[in-house]
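Have a look at the structure below, then the notes.
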Protein chains: 2
Amino acid sequence: MPDLAICAKESDSIIMDNFPFSLRTLNLKVTPKRLAILAILMEETVYLSPEEIWGKMKRRFKRIGLPTVYRNLEELSEGNIISKVNHPNRKLYYYLCKNQSHHHHFICLSCRKVEDINFCAAKKINKEVKTKLKGKVISHILQVNGLCKTCSKKSDI
Amino acid sequence: MPDLAICAKESDSIIMDNFPFSLRTLNLKVTPKRLAILAILMEETVYLSPEEIWGKMKRRFKRIGLPTVYRNLEELSEGNIISKVNHPNRKLYYYLCKNQSHHHHFICLSCRKVEDINFCAAKKINKEVKTKLKGKVISHILQVNGLCKTCSKKSDI
DNA sequence: GTATAAATAGAAATGATTTCTATTTAATAT
DNA sequence: ATATTAAATAGAAATCATTTCTATTTATAC
């Protein structure tokens, strides 16, 4: 995995080799910090808080503000490049999903690992809402909270 | 629907006629304010914010603190007497569900009405997590956000 | 290069939610 | 009934994640 931050000045195509989505189509400029945030998330298998991402950013950038991290995470999330995790503790976490098809997440409340659930009730939900409630679905949240294989074996949780 | 607040000094059975659950089994005392919060939610078909509930409480009680409302809502929610609504705006809302069987909610982002979705993916989810991920499900959130029949007809949304 | 619109830093503000302590009250035992 | 005690509450204050603000910097298009 190349250091994407140092690619910032190069052509978009290099970036696109690694990210199957385009910042340009979202009208987002390709900045070193934006790429670094993506790179950090690409390398992770767990969801991270904005503050944790900021901590990692500070290792690379002398000057990096927490609002920058928040702003970028929100923009990337709105562009469906990364996903928000609705943690029961009410804090926001973010995760870059490598699986492009629509699916849902199983999040481990202990180690924070995110695993894909290849199951989606969207069709049934849309049908139910359309036929019975005559309403219009804008979004649906399906998130499964629990303990992953490893964590469920530990007794101290 | 009787004024439950004035029943506070009476026997629990009167209260239980109206609420198909017991505060006692949750080790919660039957206080006038707790009952009033329940009564407010019982009368509503939309989800309310803690502050809105506080506003209604102030009509009846000269002295009522917002932390009391928050504390009660959290306790009642933990006891599964009321449900939390995960609004996209990240604020907490509460709703007293009259339907006792497990189901999910369709929430209208415009008028806040809550409607039941008689569909639950729990079985499939549990099977998926158990067999494929070898993990343990603690909870699942399925919430459908959208516009209800009435609101989806309005053009100004 | 130059223009310009977007992105950023850093400080400050926001605001929902929680904590704290003294006081009051409901539940229980007498 | 009354005393006891553990829970609930008021009100003020604190917390803290998140957002806003303004001046400065930077990516991008020309």
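A quick note: this is a predicted structure, and the numbers were derived from the prediction, not measured. Order of the sequence lines sets the chain letters (A, B, ...), proteins ahead of strands, with each chain counted from 1.
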Original post:
How bent is the helix from C/dG1-D/dC30 to C/dT30-D/dA1, comparing axes over its five end pairs at each side, to the nearest 10°?
Top reply: 50°
Original post:
Just wondering, do A/Asn145 and B/Val137 contact through their side chains at under 4.5 Å, heavy atoms?
Top reply: no
Output side-chain donor-acceptor pairs under 3.5 Å for residues 67-74 of chain B, partner residues at least two apart or in another chain, one line each.
unit_1, atom_1, unit_2, atom_2, d
B/Thr68, OG1, B/Arg71, NH2, 3.3
B/Asn72, OD1, B/Arg34, NE, 2.6
B/Asn72, OD1, B/Arg34, NH2, 3.2
B/Asn72, ND2, B/Thr68, O, 2.9
B/Glu74, OE1, B/Lys84, NZ, 3.4

Original post:
Under 4.0 Å between a side-chain N or O of B/Arg90 and OP1 or OP2 of D/dT18?
Top reply: yes
Subject >> Atom-pair distance (CG on B/Leu35; P on C/dT25), nearest Å >> reply: 16 Å
Subject >> Nucleotide-resolved protein contact map, nucleotides 3-11 of chain C, B/S/- at heavy-atom distance under 4.0 Å >> reply: --BSSBSSB
Original post:
In whole angstroms, how far is the C1' atom of D/dA17 from the OH atom of A/Tyr94?
Top reply: 11 Å
**OP:** Take atom NZ of B/Lys91 and atom C1' of D/dT18, then tell me their distance rounded to the nearest Å.
**Re:** 13 Å
**OP:** Rounded off to whole Å, could you give me the CG-to-P distance for the A/Leu73 and D/dA17 pair?
**Re:** 15 Å
**OP:** Please list, chain by chain and in numerical order, all residues satisfying side chain to side chain donor-acceptor pair (under 3.5 Å) with A/Tyr95, sequence neighbours excluded.
**Re:** none
Original post:
Which residue pairs pass the salt bridge (charged side-chain N to carboxylate O under 4.0 Å, His left out) test with at least one member in residues 89-112 of chain B, sequence neighbours excluded?
Top reply: B/Glu52-B/Arg112
Original post:
salt bridge (charged side-chain N to carboxylate O under 4.0 Å, His left out) with A/Lys56: which residues, sequence neighbours excluded?
Top reply: A/Glu44
**OP:** Compare all side-chain heavy atoms of B/Lys33 with those of B/Ile64 and state whether any distance is below 4.5 angstrom.
**Re:** yes
**OP:** Establish, with yes or no, whether the OP1 or OP2 oxygen of D/dT18 is under 4.0 angstrom from a side-chain nitrogen or oxygen of A/Tyr70.
**Re:** yes
**OP:** Please collect all ring-ring contact (aromatic ring centres under 6.0 Å, His included) contacts where either partner lies in residues 120-149 of chain B, sequence neighbours excluded, each pair once.
**Re:** B/His102-B/His140, B/His104-B/His140
Subject >> B/Ile141: hydrophobic cluster co-members (side-chain, 4.5 Å) >> reply: A/Ile141
Subject >> Distance in angstrom units between B/Trp54 CH2 and C/dA16 C1', rounded >> reply: 12 Å
**OP:** Take atom CG of A/Leu92 and atom C1' of D/dT18, then tell me their distance rounded to the nearest Å.
**Re:** 9 Å
N/O donor to acceptor pairs below 3.5 angstrom from side-chain atoms of residues 118-131 of chain B, sequence neighbours left out:
unit_1, atom_1, unit_2, atom_2, d
B/Asn126, ND2, B/Ala122, O, 3.4
B/Glu128, OE2, A/Asn118, N, 3.2
B/Thr131, OG1, B/Lys127, O, 2.8

